[in-house]
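Presented below is the structure to which this report refers.
The first residue of the sequence shown is numbered 1, and numbering continues consecutively from there.
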Amino acid sequence: MSAFAFTARTKARKRAADVIYEADQRGMGRNPEVLRDLLRERRVVTAAQTPLPEYSLQIIEGVAERLHDIDTLLRQHAKVHGLDRMPAVDLAVLRVAVWELLVNEDDVPPLVVIDEAVSIVKSISTDDSPAFVNAVLDAIRRGLETPSWTRERVMDEPARLDEPAPDSGSEADTQNPSFADVEKQHPSLADVENMNMDELDELLSDY
């Protein structure tokens, strides 16, 4: 990734990730109301607190609104057995970045989103985190750049596998004869060898 400096917007992302991390420690799981409750607390600013930047508020509200979609994408691309198996800091930063990839791509180019997420975890998480976060976000970015009709399937539940097979008399069967049907229409090599010349000439004339 490119050389990086912590800008005001980067700090806003990190502040948002801090709040999302805290909500997760409070047992947010799949319940975005925990995050919304914490955000309401943070809006009440005391003398000892620094107000959350406007972009942090936008991110936190957006993550709460799209938590299911964000976590669905992370489960599909993180290749871990449950989101609780990855470092909690990485999960918080990934949630921020995936929201930006899903919702805010017109304002922030996807590669910038990934660059900033990697830089944040590089400063606050494990040595393995930058490569892991980069790989997950790049896979999600490539998935979201597919045509919209394909992308919609990412958010859907897995397709049912117990749908009945077509009836034997279906149109598909009529249009696609089996090998046995084709075999009946054409003589075998043994049949051809047993034919006399007149029969063979008649057969060849059909082709």
Side-chain angles (χ1 to χ4, degrees), residues 1-75 77-78 83 86-126 129-145 148 151 154-155:
M1 287 297 182
S2 61
F4 188 86
F6 268 59
T7 65
R9 176 103 14 136
T10 310
K11 293 175 183 177
R13 290 183 177 92
K14 185 178 179 300
R15 293 285 302 278
D18 289 342
V19 175
I20 294 167
Y21 170 86
E22 184 176 343
D24 215 27
Q25 299 308 297
R26 293 188 182 190
M28 175 172 66
R30 300 181 183 181
N31 180 12
E33 290 306 315
V34 176
L35 181 55
R36 293 190 177 103
D37 290 343
L38 181 56
L39 180 58
R40 281 190 283 269
E41 291 178 22
R42 292 300 178 88
R43 285 182 184 275
V44 180
V45 180
T46 68
Q49 291 176 320
T50 304
L52 285 169
E54 184 60 35
Y55 194 55
S56 297
L57 298 174
Q58 184 181 350
I59 292 171
I60 296 166
E61 291 169 349
V63 170
E65 181 179 349
R66 299 293 298 272
L67 184 63
H68 173 74
D69 293 340
I70 291 168
D71 285 359
T72 296
L73 285 168
L74 288 173
R75 288 189 191 94
H77 295 284
L83 298 183
M86 71 173 68
V89 172
D90 293 359
L91 178 57
V93 174
L94 282 167
R95 281 168 165 162
V96 170
V98 174
W99 174 80
E100 289 191 288
L101 291 174
L102 278 173
V103 177
N104 211 30
E105 63 179 341
D106 292 338
D107 186 31
V108 186
L111 293 181
V112 173
V113 171
I114 297 173
D115 196 30
E116 297 219 341
V118 169
S119 297
I120 291 171
V121 295
K122 188 181 294 183
S123 69
I124 62 176
S125 194
T126 69
S129 295
F132 172 70
V133 167
N134 182 75
V136 173
L137 291 178
D138 191 57
I140 292 173
R141 174 190 65 81
R142 286 185 278 108
L144 293 176
E145 287 177 354
S148 58
R151 190 190 325 154
V154 170
M155 301 303 179

Handout entry: Taking every non-hydrogen atom, the tightest pair across D90 and S129
Key = OD2-OG, 2.7 Å

Problem - Euclidean distance, K11 NZ relative to D18 CG, rounded to 0.5 Å - result: 13.0 Å

Handout entry: Heavy-atom pair with the smallest gap, counting every atom of V34 and G27
Key = CG2-O, 4.4 Å

Problem - Student check: side-chain heavy atoms of V89 and T126 closer than 4.5 Å - result: no

Problem - E65 atom CD: more than 12 heavy-atom contacts under 6.0 Å - result: no

Problem - Spacing of OG1 belonging to T72 relative to NE2 belonging to H77, to within rounding of 0.5 Å - result: 10.5 Å

Practice task
Could you tell me whether the side chain of R141 reaches within less than 4.5 Å of the side chain of L111, counting heavy atoms only?
Solution key: yes

Handout entry: Atom pair CZ (R66) and CG (L73), whose distance is rounded to the nearest 0.5 Å
Key = 8.5 Å

Problem - Close side-chain approach of L39 and L52, heavy atoms under 4.5 Å - result: yes

Handout entry: Donor on one side chain, acceptor on other, D107 and Y55, under 3.5 Å
Key = no

Problem - Electrostatic pair R42:E22 at N-O distance under 4.0 angstrom - result: yes

Practice task
Give the minimum heavy-atom separation between W99 and G62, together with the two atoms involved.
Solution key: NE1-CA, 3.2 Å

Handout entry: Presence of salt bridge, R95 and D24, under 4.0 angstrom
Key = yes

Exercise for the section: For residues V136 and V133, determine if any side-chain heavy atom of one lies less than 4.5 Å from a side-chain heavy atom of the other. Expected result: no

Completion exercise
Rounded to the nearest 0.5 Å, the CG atom of L35 sits from the CZ atom of R26 at a distance of 10.5 Å

Practice task
Looking only at non-hydrogen atoms, find the nearest pair between L137 and A117 and report the distance.
Solution key: CD1-CB, 3.6 Å

Problem - Pair R142 + E145: basic N to acidic O under 4.0 Å - result: no

Practice task
Check whether any side-chain heavy atom of E54 sits under 4.5 Å from a side-chain heavy atom of L57, and report yes or no.
Solution key: yes

Handout entry: Under-4.0 Å salt bridge between D37 and R40
Key = yes

Practice task
List the steps and the verdict of side chain to side chain contact (heavy atoms under 4.5 Å, CB included) for V63 and V98.
Solution key: CA-CA 9 Å; V63 170; V98 174; over 6 Å; no

Exercise for the section: Would you mind reporting whether L94 and L83 have side-chain heavy atoms less than 4.5 Å apart? Expected result: no

Fill in the blank from the handout: Here the gap from I20 atom CD1 to M28 atom CE, rounded to the nearest 0.5 Å, amounts to 7.0 Å

Handout entry: Contact summary for A64 and R36, nearest pair of heavy atoms
Key = O-NH2, 3.5 Å

Practice task
Ignoring hydrogens and angles, tell me if any N or O in the side chain of S123 forms a donor-acceptor pair with the backbone of I120 under 3.5 Å.
Solution key: yes

Practice task
State, with a plain yes or no, whether a side-chain heavy atom of E100 is found less than 4.5 Å away from one of V112.
Solution key: no

Handout entry: Over 12 foreign heavy atoms within 6.0 Å of CZ, F132
Key = yes

Handout entry: V108 vs R13 side-chain heavy atoms within contact, under 4.5 Å
Key = yes

Problem - Over all atoms of both residues, closest heavy-atom pair of V113 and A97 - result: CG1-O, 3.5 Å

Exercise for the section: Begin with the C-alpha distance, continue with both residues' side-chain angles, and end with the deciding distance and a verdict on side chain to side chain contact (heavy atoms under 4.5 Å, CB included) for R15 and I59. Expected result: CA-CA 10 Å; R15 293 285 302 278; I59 292 171; over 6 Å; no

